[in-house]
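Contents: one structure, followed by commentary.
Every chain is numbered from 1, with letters handed out A, B, ... down the list of sequences. Here the structure is a predicted model, which means the values were calculated and not measured.
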Number of protein chains: 2
Amino acid sequence: MTGTRKITWDGCPTRYAAGIFGDRWCFLILRDALLHAKRTYSEFLASPEGISTNILADRLSRLEAVGMLERIIDPRKASRVCYFPTRMARDLLPALIAMMVWSTKYDKHTEAPTSFAKAYQSDPLGTIAWYEAEIDRVDAAIRGGDINT
Amino acid sequence: MTGTRKITWDGCPTRYAAGIFGDRWCFLILRDALLHAKRTYSEFLASPEGISTNILADRLSRLEAVGMLERIIDPRKASRVCYFPTRMARDLLPALIAMMVWSTKYDKHTEAPTSFAKAYQSDPLGTIAWYEAEIDRVDAAIRGGDINT
DNA sequence: TATTGCACTTGCAATATGCAAGTAGATCAT
DNA sequence: ATGATCTACTTGCATATTGCAAGTGCAATA
């Protein structure tokens, strides 16, 4: 990991967060898992940022190791592997959304509609609940065996 | 920057955020500026994480370039340079604090008191306002010429 | 049984980092 | 006035990480 050295990344809350997703690729994988319903290796690989396959493998195993993703081999199709965001990852939603609100304010080329920030400001808990429900829906569909989801 | 390649980091809100502080060191510098009242090169350098001096120089200029820090040579002591967090950086406080709340929940060795998360949950705006007031205080003291602050 | 799909691994050149040492201008002490 | 010190960096180089392309192995499909 870039700049890991011998730092103990726990202790300080900011440092702990930086240690886990203070990395562009982890960040984007979490976005894909939490916001874009991506679950498989090839889905993550297909993101427009173009992550390298070896880096993706590394980050997925790292995120699994810290407990952010749960790696599960699909029992009905053993060649398919799914990475589900855990509660730990889901609990990052408020921070992630707060960052997105910040980005929409400062990124001159933002693709996010202004309605996004407004919706969050007026009903933060509801917005988070909406994303959680989406995650539940996707996961239930896959775990329930509906492979086409 | 690690993994920069030719990616356009703007557009997507998550990617934009990742592009700017999806880097451990930028993250920690922002923490120091926003939460720990650090303003000078040597103060940032002295943080317990032990950032290398060349990396610090690189990240400070990068954060200045994107508009997160304002570099100012102290008019009363030209050998002193201060980096002030801009409004853009201050606006990151909600996201930063949300991340800290997350960290205190999942880091088994967290040094943050449980009261922190509780205070934020019960009064998020007040908590943010408190940090902003601290920043104002420090900056006013330095800009006002009180070099001992 | 061959081909394809999916999840990775491997090898290597390019890039970024960590560390130690050095530089340059401002300030301080005598 | 001048040498020591302070502060903010820069430089050089060994090491670590990344990006890219190609390859591997198992499962499912034709």
B:Lys108 side chain reached by A:Asp10 side chain, heavy atoms, under 4.5 Å: no

Give a yes/no on whether any side-chain N or O of B:Arg59 is located under 4.0 angstrom from OP1 or OP2 of C:dT17. yes

Are a donor atom and an acceptor atom from the side chains of B:Thr104 and A:Tyr16 found within less than 3.5 Å of each other? no

In whole angstrom, give the distance that lies between atom CG of B:Leu45 and atom P of D:dA8. 9 Å

Quick one: does any side-chain atom of A:Asp107 pair with a main-chain N or O of B:Gly11 as donor and acceptor, under 3.5 Å? yes

Is any side-chain nitrogen or oxygen of B:Trp25 closer than 4.0 Å to OP1 or OP2 of C:dG18? yes

Just to confirm, is there a sub-4.0 Å distance from OP1 or OP2 of D:dT18 to any side-chain nitrogen or oxygen of A:Ser52? no

List every contact pair, protein side and nucleotides 21-27 of chain C side both N or O, where the distance is under 3.5 Å.
unit_1, atom_1, unit_2, atom_2, d
C:dT27, OP1, B:Ala78, N, 2.7

Can you tell if the side chain of A:Thr14 reaches within under 4.5 Å of the side chain of B:Phe27, non-hydrogen atoms only? yes

B:Ile73 atom CD1 is separated from D:dC6 atom P, nearest whole Å, by 21 Å

A:Arg80 charged N/C atom sitting above A:Tyr41 aromatic ring, 6.0 Å / 45°: no

Just the rounded figure in Å: distance from C1' of C:dG5 to CZ of A:Arg80. 11 Å

Nearest 0.5 Å, please: how far is CD in B:Glu64 from OG1 in B:Thr86? 10.5 Å

Pairwise distance CG(A:Leu92) to OH(B:Tyr106) - rounded to 0.5 angstrom: 9.0 Å

At under 4.0 Å, does any side-chain N or O of B:Arg39 touch on OP1 or OP2 of D:dT7? no

Would you mind reading off the distance between A:Ile55 atom CD1 and C:dT10 atom P, rounded to a whole angstrom? 14 Å

Classify the nucleic acid contact of B:Tyr83 as base, sugar-phosphate or nothing, counting any heavy atom under 4.0 Å across all strands shown. sugar-phosphate

Under a 3.5 Å limit on both distances, the Watson-Crick or wobble mate of D:dT11 is C:dA20

With the side chain defined as heavy atoms from C-beta on, B:Thr40 is closest, among D:dA8, C:dC8, D:dT10, to D:dA8

Nearest-nucleotide pick for A:Asn54, side chain only, options being D:dA8, C:dT10, C:dG18: C:dT10

